[in-house]
Novice: 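Supplied in structure tokens, the structure appears directly below.
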Protein chains: 2
Amino acid sequence: MVTIKDVAREAGVSVATVSRVLNGSGPVSAQTGERIREVAGRLRYVPHGGARSLITRKTHTLGVLLPDLYGEFFSEVIRGMDDTAQRQGFHLLISRAHADKHGIETAMRAMRGRVDGVVAMSPDLDAESLLNVPSMLPVVVLCSAPRGDSADCLTIDNYAGSKAMVGHLISLGHKRIAIITGAARNYDAAERMRGYRSALRQAAIAADGALAVQGGFTESGGYAAALQLLAVTPRPTAIFAANDSMAIGALSALRESGVRVPEDMAIAGFDDIPLARYMDPPLSTVRVPTYELGARAVEILLHGIRNQNHHARHRERVSTELVVRRSCGAVPGRSPQR
Amino acid sequence: MVTIKDVAREAGVSVATVSRVLNGSGPVSAQTGERIREVAGRLRYVPHGGARSLITRKTHTLGVLLPDLYGEFFSEVIRGMDDTAQRQGFHLLISRAHADKHGIETAMRAMRGRVDGVVAMSPDLDAESLLNVPSMLPVVVLCSAPRGDSADCLTIDNYAGSKAMVGHLISLGHKRIAIITGAARNYDAAERMRGYRSALRQAAIAADGALAVQGGFTESGGYAAALQLLAVTPRPTAIFAANDSMAIGALSALRESGVRVPEDMAIAGFDDIPLARYMDPPLSTVRVPTYELGARAVEILLHGIRNQNHHARHRERVSTELVVRRSCGAVPGRSPQR
DNA sequence: TTGTATGCGTTATCAT
DNA sequence: ATGATAACGCATACAA
């Protein structure tokens with residue numbers, strides 16, 4: 001590996017001069033500047049990021065801690081983060097961690113000295129308290145609302161979105177509305193459940209425990225949950241799945257069971273993944289601005305980094321939007337909303 | 001930030017001893033070892049990764065260069081990479097780069113000194129030559145087959161998969177088979193096209209230029225392409241989409257146009273994303289072992305790192321598998337394959 | 001305008 | 001078994 005010393009020797013100057021030229025700092029004669037640049041290019045010199053960050057105390061890298069990354073949801077969040085970070089000259093160090101105490105701690109340790117700040121996605125309720133690691137490292141907690149104020153946090157307005165969707169189903173005349181819930185002990189899942197309950201209560205509809213089934217946020221979970229709900233008597237007339245993947249699984253289960261959607265059963269999801277509008281029927285859902293979520297998290301983190309973590313803590317919530325398509329029976333037409 | 005010096009001072013020893021204890025290197029008395037560990041824990045000492053890697057010349061980090069990361073395909077690849085890397089004590093530095101010369105160079109520069117090796121996904125044909133940066137850094141090129149031997153490379157067997165699927169459609173009696181192609185100048189897209197052509201030629205079916213339409217690998221592209229294909233006369237009886245996203249978009253377009261699948265038109269995709277089996281009808285496709293692709297890329301890279309890049313270059317191809325479901329009309333039953 | 005010297009936090013080498 | 005010190009690659013305060 002060619003270092004700054006090699007360049008200095010080859011150009012017949014000191015390393016300080018090379019550094020000055022390559023960073024545009026300090027005065028330097030146009031002539032030596034040109035020569036050094038030529039040599040650096042010829043030798044294919046690339047500064048060693050680790051060494052540089054050791055002395056500048058900046059890595060220009062943001063750590064991203066994720067529980068697990070499958071599904072379109074995560075890749076959209078990452079896109080939003082990366083676009084925003086890159087625009088400000090930052091890179092992403094992405095790490096998946098099992099959302100338990102050990103996993104998060106290990107990941108945070110590994111990031112020490114490699115990142116200027118961390119975006120931690122920990123929807124798992126058990127884990128949130130563990131982020132309260134007193135540290136100078138700015139942290140933005142995504143999709144969870146830890147109690148302390150050691151970190152900024154950014155959440156989705158699951159409650160309002162869920163309540164709006166269930167309220168919409170109620171306004172269509174549904175009284176027996178089932179919910180396929182997400183993973184246990186998950187913040188988003190819990191909040192969506194809370195919105196569901198609240199909407200029912202507001203309409204004076206008694207909650208029926210048999211109408212709430214776990215789906216674990218996966219297609220297969222939604223598939224199984226839908227089959228289970230079809231066996232409940234009296235049968236529900238609408239199913240609200242806490243995310244689109246489960247809604248799509250449910251859709252498939254109903255189709256196989258000969259249950260027509262939306263005529264015999266209304267279906268709604270949550271997230272509005274790109275595929276939702278291409279389903280048959282197109283899926284009514286709650287749009288989560290996924291890309292913006294990632295982008296905003298990075299903005300907040302960069303703010304914390306610039307202020308060396310001495311800023312007033314953010315506590316932000318991005319709002320959702322009701323997207324009514326055909327699967328809930330409100331729209332008679334056949335073309336999907338483009 | 002608490003450093004190794006703070007721990008040493010607090011424990012009344014030298015930094016060398018602290019380092020020995022924390023790394024388990026060299027001899028140390030049980031007593032001082034215990035004391036140091038206690039102090040380090042109390043002070044919440046975490047070693048500075050950057051400083052450490054400067055002297056050990058190991059970062060335990062793998063760079064991942066991606067063209068863009070949306071859709072389930074990329075998140076699955078990343079999962080495979082991260083699982084494998086983490087199991088070997090490595091982390092992932094993920095960077096998206098515009099697949100042009102400047103983008104790739106910038107990204108590679110930013111990784112210098114921060115990673116032990118790079119997995120570069122550059123399906124864009126223009127960019128492949130640019131990876132020929134003479135360097136000691138081990139590189140695995142994913143989904144592209146650069147000519148030089150400066151890097152290992154790992155590709156999908158697009159050709160065989162595509163040929164098998166088109167061959168299957170032919171065996172079902174189809175003669176006018178359309179293809180919705182992927183992005184222009186993309187390796188995967190080009191290879192899938194090549195397989196399509198080869199299957200037709202082998203069956204002595206003349207290629208019809210009107211039956212090949214660009215879809216750009218997106219749902220909306222597939223949607224538009226399908227509408228375009230419906231206008232071709234004589235109309236094709238089967239559509240092979242070069243990935244599942246486009247197939248799903250096409251499915252939606254046909255449904256709106258009142259064209260029944262598979263009765264009036266057979267449809268097939270490529271990739272076998274999780275959602276494929278939940279479509280209506282379940283989508284016939286070519287399974288790409290996406291997770292394994294990422295996992296294998298990291299394995300190859302780690303091998304290169306261990307041998308300091310002085311190894312014989314790998315040139316590997318992962319094979320695909322034909323997945324026949326209902327959308328191509330070969331399976332009469334109604335339940336999806338689970 | 002340029003060079004010398006110091007330090008960033010850590011590991012490694014050589015004494016003791 | 002432990003300590004002092006050099007070295008990693010770079011940026012920068014200070015001297016020239």
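Residue numbers begin at 1 in each chain, while the letters A, B, ... track the order of the sequences. Note that the structure is a prediction, hence the values are computed from the model and not measured.
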Novice: Can you measure Leu54(B) atom CG to dA12(C) atom C1' for me and round it to whole angstrom units?
Specialist: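 Those two atoms, CG and C1', are 13 Å apart.
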
Novice: How long is the line joining CG of Leu22(A) and P of dT12(D), in whole Å?
Specialist: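 Roughly 13 Å, once rounded to whole Å.
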
Novice: When you get a sec, tell me which of dG9(D), dT2(C), dT10(C) is the closest nucleotide to the side chain of His48(A)?
Specialist: dG9(D)

Novice: Can Thr32(B) and Ser29(B) be counted as having a side-chain donor-acceptor contact under 3.5 angstrom?
Specialist: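 Looking only at side-chain atoms, Ser29(B) and Thr32(B) do form a donor-acceptor pair, the distance falling under 3.5 Å.
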
Novice: Between Asp116(B) and His60(B) (side chain of the first, backbone of the second, donor and acceptor by atom type, cut-off under 3.5 Å), is there such a pair?
Specialist: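 Indeed, once roles are kept as given, a pair shorter than 3.5 Å links the two residues.
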
Novice: For Arg20(B) and for Ile55(B), find the nucleotide of DNA chain D with the closest heavy atom, then tell me which residue's nucleotide is more 5'.
Specialist: Arg20(B)

Novice: For the residue pair Arg296(B) and Glu316(B), establish whether any side-chain heavy-atom pair is separated by less than 4.5 Å.
Specialist: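 Result yes, sub-4.5 Å side-chain heavy-atom pair found.
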
Novice: When the distance from CZ of Arg57(A) to P of dG9(C) is rounded to whole Å, what number comes out?
Specialist: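 About 5 Å, once rounded to whole Å.
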
Novice: Using whole Å, report how far CD1 of Ile36(B) lies from P of dT11(C).
Specialist: 13 Å

Novice: Tell me: CZ of Arg52(B) to P of dC8(C), nearest whole Å?
Specialist: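 That distance rounds to 19 Å.
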
Novice: For a quick check of understanding: with a heavy-atom distance under 4.0 Å over all strands, which category does Ser19(A) fall into, base, sugar-phosphate or nothing?
Specialist: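 Ser19(A): base contact, heavy atoms under 4.0 Å.
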
Novice: Can you tell me if Thr3(B) touches the phosphate of dC8(C), counting only side-chain N or O atoms and a distance under 4.0 Å to OP1 or OP2?
Specialist: no

Novice: dG9(C), dG9(D), dA11(D): which one has an atom nearest the side-chain heavy atoms of Ala51(A)?
Specialist: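 Of all the options, the side chain of Ala51(A) is nearest to dG9(D).
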
Novice: Rounded off to whole Å, could you give me the CZ-to-P distance for the Arg35(B) and dA1(D) pair?
Specialist: 15 Å

Novice: When you measure from the side chain of Tyr45(A), which nucleotide among dT10(C), dA11(D), dC10(D) comes out closest?
Specialist: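 That would be dC10(D).
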
Novice: Could you check how far CZ of Arg9(A) sits from P of dG3(C), rounded to whole Å?
Specialist: 14 Å

Novice: Taking side-chain hydrogen bond (donor to acceptor under 3.5 Å, both in side chains) as the criterion, tell me which of His303(B), Arg315(B), His311(B), Arg313(B) meets it with Asp152(B).
Specialist: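 The residue from His303(B), Arg315(B), His311(B), Arg313(B) that satisfies side-chain hydrogen bond (donor to acceptor under 3.5 Å, both in side chains) with Asp152(B) turns out to be His311(B).
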
Novice: Under 4.0 Å between a side-chain N or O of Ser29(A) and OP1 or OP2 of dT2(C)?
Specialist: yes

Novice: How do Thr17(B) and Arg112(B) order along DNA chain D: which one's closest nucleotide is nearer the 5' end?
Specialist: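 Looking at the nearest nucleotide for each, Thr17(B) comes out on the 5' side.
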
Novice: Given atom NZ of Lys5(B) and atom P of dG9(C), what is their separation to the nearest angstrom?
Specialist: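 After rounding, the reported distance stands at 7 Å.
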
Novice: Any luck finding a side-chain donor-acceptor pair between Arg317(B) and Asn158(B) under 3.5 Å?
Specialist: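 No, because no side-chain N or O of Arg317(B) sits under 3.5 Å from a partner of the opposite role on Asn158(B).
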
Novice: Please confirm whether the shortest side-chain N or O distance from Thr32(B) to OP1 or OP2 of dA1(D) is below 4.0 Å.
Specialist: no

